Structures are given as C-alpha cells and as structure tokens.
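Notes for the one structure printed next.
Atoms within each ligand, like the ligands themselves, are counted from 1 in listed order. None of these values were measured; they are calculated from a predicted model.
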Amino acid sequence: MSNINLQEILNSLSIEEKVGQLVQLAGVYYINQSEITGPLAKFDITDTHKFTAGSIIGVNNAKDAYAIQTEYLEKSRHKIPLLFMADVIHGSHTMYPIPLGMACSFNPELIEGMARNSAKEAAATGVQVTFSPMADLARDARWGRNMETNGEDPYLNKVLSSSYVKGYQGNTLSSKSELISCVKHFAGYGLVEAGREYNYVDISKRVLNEYHYPAYKSAIDSGAKMVMSAFNTIESIPATANEGLLKSDLREKLGFDGVVISDWAAVTELINHKLAADFKDAAKQCANAGVDIDMMSMAYLTELETLINNGEVDIKLIDEMVMNVLKLKKDYGLFEDPFKNLIDKSEQVVGNEELLINAKQVADESIVLLKNNENVLPLTSKYAIVGHHVTSRDYNGPWSWQGDISKNESIKEVFSANPNVTVIEEATKIIDIQDYEYIDTVVAFVGEKSNESGEAKSKTDIKLNSNEIELIKTLKMIGKKVITVVFAGRPLDIADIEMYSDAIVYAWFSGTKAAQSIYDILTGVVNPSAKLTMSFPRAVGQCPIYYNSYSTGRPLSKAIDTYVSKYIDQSNSPLYTFGDGLTYSDVKVTNVDLKESLSIGQDLTIKVELKNSSSMEAKEVIQVYINDLVASVIRPDNELKAFKKVNIAANTTTSYEITVNGNEFGFIGSDLEHRIEAGEFEIKVGLNMTDTINKIVRMEK
Ligand code: GLC
C-alpha cells in the first residue's frame, strides 16, 4: 500500500479542485469518441473542467485512456490520477450470456470465474471500474433491464452479487484488484411501476430491507467500494437525493464506507422529478444526501463551489466526499500506478482461447431447456433450421461493452457444417418449407433483437412477433416436429407457441459462443442444466408475476373458485416458474432426511438422495424452499433458502448434503429488524419448485 498521505493531498486542494474530484465526465470531452450511455445535453466544458474532473466514463480502449491520463497529469495542478469507468456487465470483448441468463446456471463459482475473465479483458483495454453487478431484483417482464439482473429471488441474488464482486476485485479491493466493482442501482429500481422504465417506485421499507437490500449488502460485504444511486424514487424522494436511503440505510445499516456515484445525469434530473428548481438546488440536495460523484450532470461542476462558499453545503461534508474518492484511488493503487490497465494489452488478452472456452462453458450452463416432448431432443436425424436469428449473429444482447457481433459465429455457420442440416433462409412464405417434405423436424430460431431489451426498452406486448408465431404454428400444422429456440433479454409471453412446439430452448442472448453452445445442447453434446430465475407469464396481464408470492386471505384452491384471488380470464400460475429447467437425463429426488426440530438460529442440514436412471450424466440443481406457516408478517408460500449444483453420474443413486443457514428462517419484521420466530416451517426439497419432497420442521425457542 502506498504511504501517500491523503490528508495532505486533501489539504492542498482548492475548493474548485475538490469539486472536480466529485465530477465524472464522458470521454467524448477528451477524445473524439467514447461510449455514450445516457442523454448528452450541451455542456460548455472548459479546460479547467477537464483537468479538475476526477473520473471519466465510456473510454473504450487503452490507447485513448493512456493519452487522456498523460495529458491530464501534465495539465492538472494536483496530479491526482483520473479513474476510468465503464459498463462491463457480461463480458468486455468476449461476451458472456446476459446476467439473467448466467443466473440460470445457479453456479456462483462459474459466475465468479466469468467476472474474473471479464476483468482480465477490461484491464487489458483501459477500464479500471465496472458498473457491475446490477443487484436489482426483477419481477416484471415488461421492464427492459431484467436482462441485467439475477432474476426475482433475493437469496440467489445475494449469492450471485457476491460472486461478481469477488470475480472483479478478488477477495478485497486492493492494488492487486483488476477492476473496482460498482454495485447498482441503489435501490429498488426493478420495481418501476407498470414495468415502465424510470417510473415511480413505491415499496415499503420492510420490503426494501427484506427483498432488495440483501444483494447490495452481500456485494458490499464482498468488498464493493462503489455504489450507484438509482434513477427511481423511494418513498417519493428520488434515490439520488434520498438521505435516508444513502446515509442511514446504505452507510449506517449496510455498513458501506466507499464512494456513492449517481446514475447518468440523475442529479439534474431532480428538476424533472420536480424535486429541485434548478441545478443549484439539485446539487445542494444530492451533495447533502450523500452522493459523492455526479455522473455527467454538470450540477456539481457549475454550482457546488458557490454552495460551499455561501455555506449551503458544508466544506466538511465536501472534504469527506473527496476523501472517499481519494481513498478509493489509493486502495486501488492508482497513486502508485496512474497508468494501471491503461497500457494496451489487447493483443495478448482479448478473445484468447481461455476466454472463449470459458464463454462457451457459461453459455452451456445458462441456456434453459423448457420443454422436450417425447424426447424430441437431442436431435439425431435430418432437420432444417429457419428464422431471423439463423444469420443475425445478434447474440450478445444489450450492455455488451466492446463485444462485436461480427466476431460471433452465426447459427447458420455452425449448424450447416453438419450434413444433416438444411438451412432455410428467412422463410417468409410457408410454401418454402413445404418444399422440404423429406424433413420432419424444423428448428425455428426466433425472438427479440438485442435492441429490444436493456435500458429504456420497456414493452407492453411481450409476445414473439406475429410472423414468428405464424411460422411456428404453420410448421406444426404441416406436420413438422418443431423445436423453438428463443433469443430474448426478458421472459417473453411464449404461450402462443408453447402448444405448437415439441421442444423449447430459451437461449437468452448468450454471447460470443452462443451458436456453438446452442448446437451442442440441441445435439446432446452438452446436457442442459439451467433453471429459470424469473417467472414466465402466460399473459402480460399477469405482470408482475413471481414465485415467492403470498397466499392472500382468499387463496385459489381446488375446492373453491368463487370469491377467491384469481383472474376470470387467465390462470394465476406462470407458464414456467422460478427453478424450472429440464435435462436430457432422468434424475429424481428419491429421499430427504432432516431433523424435525431446530432451535432458533440453528442451521438445518438436509441429506438429499438423487437417482439418475438415465445413461447420461447430468448437472442438477438441488433447491430447498421454506414455507413459514405462521408469522408476525405475511410470508411467501415458497422462499428459496439454499441450493446446490451437483454432477450426478449415469445410472447411479447418490446422496448429497445441503445446509440452510439458521438465519435464513428469519425475515424483516414490522420493526424493520431481522427476526426468527418459533413455529412450524414446511421444507420443500426438489430439482424445481413444484415437484418436491416436503417435510415439517419445528423451530423452537
Ligand atoms: C446508465 C445506466 C447505468 C449505467 C450508467 C453509465 O443510465 O442506468 O446502469 O451504469 O448509465 O453507463
């Protein structure tokens, strides 16, 4: 650790220079191009602004970053190095599946390894901070940013958010860390009303603490030293101006001691929220609420010095904020090496074999087999392939930083290497397909384009487009076996094609090696193992729909169906639910053994016996759900509280041990404190959420 004296540096700075450390500008103000990930208002950026700003966003190569740092250190008086930040969300140049896909692996070690490899590529090409993981909980398929989340479960989200941070930084942030991890968006962004992007969020503090904070806490406890404030409101105050959220909750309750950065222009967007009258008002509110760095809004740059000079923002507060930034730079080793990650090593690192192999492994464990009637998969005989994504190469998805789709092998290139495969180019007329009467099986590659999900891509209609639905229906009507492969950044409403598809494979956007991974799964080279982490609605009218829902006072049951909680025009249940996913093997839970009584706080250890009756080894995910039968606040009918991904050999019966941490039986009470109450819990153990062996456990004081 450098023996640099941060207090001396702080004391040496003018107010203008202190404000500069709290400002982040886009790279486009220093070089002629950089990634722009938000509205770019017309700013009059002066050289003073440029050479006092503390960090830069969006520079997409090491050479430009090196040049900017060199000029900056020449021209800035204080010589405090810039930090270069970017959105490396699911890969840097070698693309991995979108996070919503990777979460389906239920494999924390795999995701940690992915993050480590992403960091290697990013660190070789000019990035020092990544705005990842996105720890937001997602429940509404209409929202475009589901693709960046780990899905709808707080426990899985907590486990995987930690994996990302450890992969990027190592076990703690230090000069050895490849990247600094900035966890986002604090907090509750995934619950935008009606699934409409940037919309109002209104959730109780209890729900915020129970469902949303655990993943941020887990990321922070794993070493994340940056947190990004969200665009949305919490209790009618935008997160970026919400002192209760950013100070009492984030810093005091969750123990965060790093740097809070706003989302892009969120500071001045207080004016649009009608919470601030002007830039000065916005800057004052956000500084006092605890936002250390203003990303691309200019409010701090143009107003903070005045606010400090007239005492509306205390210079002591500014000194704390600047010290947070200086400490981050010091911990990361930037004072020792201002050019860390800025020396171009793309030749040696980008797209190397090790990364491509890893990207393939992750895709193999992220792609979900949802349906496989009469084992129509794996494919063995002749078949045709058809659909937009056969030639699109559009497999990287949104937020794919420097991923270049032209580098992706297309489905056509990979599949047509097999003589059994006939490629039907964009079959617009069904007659094209009837010409192929000798083929009895057709694989349809359908679904979203990358630009249909991600930020600012909410939808009211989440179906496949009509010609794809028509194609699949007609294929079935002319007597073909139909395998539907769906590319998407969200759960789509695929109810229209479900009954016409003999098999359904959900490929998400699975990155650079998507085509090969899909080929290997469809042909049985890879036995699929992924499980959904977000529920799939039968109709968009069910949204938001999620597995850990509540029974209500009038639950729908087989016995009664009037005056109960239901729709008159649709089922309550999703088409596919959290934890669903098939393999080509036949694996069952054949026995579950556990203690039937526990004392409060005690862990529950469960012995689970699996039997694989097939000749194909399999990866399976043992899932443990609890149902707290009576509690002082309502509890969901199912809560995932432990999972374990296991390999089970062909034709064997094997026992595994899985532990539910004693604290997981607790919840956040009305007093906002974590509590574990005595009483009975139903413990459900299975390879999905519906087909389980259930036992009762008594929790005693
Ligand atoms: C965007 C996103 C955020 C991203 C930031 C910088 O608006 O909300 O996730 O990290 O701007 O690109």
Taking 4.0 angstrom as the limit and counting only heavy atoms of H185, give me the atoms of ligand 1 inside it, by number and element.
3 (C), 8 (O), 9 (O)
When S510, P97, S400, S132 are each screened for side chain to side chain contact (heavy atoms under 4.5 Å, CB included) with H90, the one that passes is S400
Would you mind running through ligand 1 and noting each atom that sits below 4.0 Å from a heavy atom of I57?
6 (C), 12 (O)
On the 0 to 90° scale, with breaks at 30° and 60°, tag the Y198-F231 ring pair as parallel, tilted or perpendicular.
perpendicular
Y395 and F487: aromatic ring centres closer than 6.0 Å?
yes
So for R145 against ligand 1, with non-hydrogen atoms under 4.0 Å, the contacting part is side chain
Which word best sums up how the rings of F578 and F106 line up, parallel for under 30°, tilted for 30 to 60°, or perpendicular for over 60°?
perpendicular
So, for D294 and Y300, which heavy atoms are closest and what is the spacing to 0.1 Å?
OD2-N, 3.1 Å
Report the part of M228 (side chain from C-beta onward, or backbone N, CA, C, O) that has a heavy atom under 4.0 Å from ligand 1; answer both or neither where that applies.
side chain
Please check if the distance between the ring centroids of F256 and Y216 is under 6.0 Å.
no
Output yes when the distance from some N or O of ligand 1 to some N or O of W264 is under 3.5 Å, and no in every other case.
no
Taking non-hydrogen atoms only, is D87 closer than 4.0 angstrom to ligand 1 via side chain, backbone, both or neither?
side chain
Give the intermediate values and the outcome of side chain to side chain donor-acceptor pair (under 3.5 Å) for residues Q21 and D292.
CA-CA 9 Å; Q21 287 300 304; D292 296 315; over 6 Å; no
State the atoms of ligand 1, each with its element, that fall below the 4.0 Å cut-off from a heavy-atom position in K184.
3 (C), 4 (C), 9 (O), 10 (O)
Quick one: sort the Y164 and Y168 rings into parallel, tilted or perpendicular, breaks at 30° and 60°.
tilted
To which protein heavy atom is atom 11 (O) of ligand 1 closest, and what is the distance rounded to 0.1 Å?
D263 OD1, 3.0 Å
Hey, is ligand 1 close enough to E148 that some N/O pair sits below 3.5 Å?
no
Atoms in ligand 1 flagged as close to F231, the criterion being non-hydrogen separation under 4.0 Å
7 (O), 8 (O)
Atom 1 (C) of ligand 1: closest protein heavy atom, distance to 0.1 Å, is E455 OE1, 3.1 Å
Which of the numbered atoms in ligand 1 are below 4.0 angstrom from a heavy atom of F131?
10 (O)
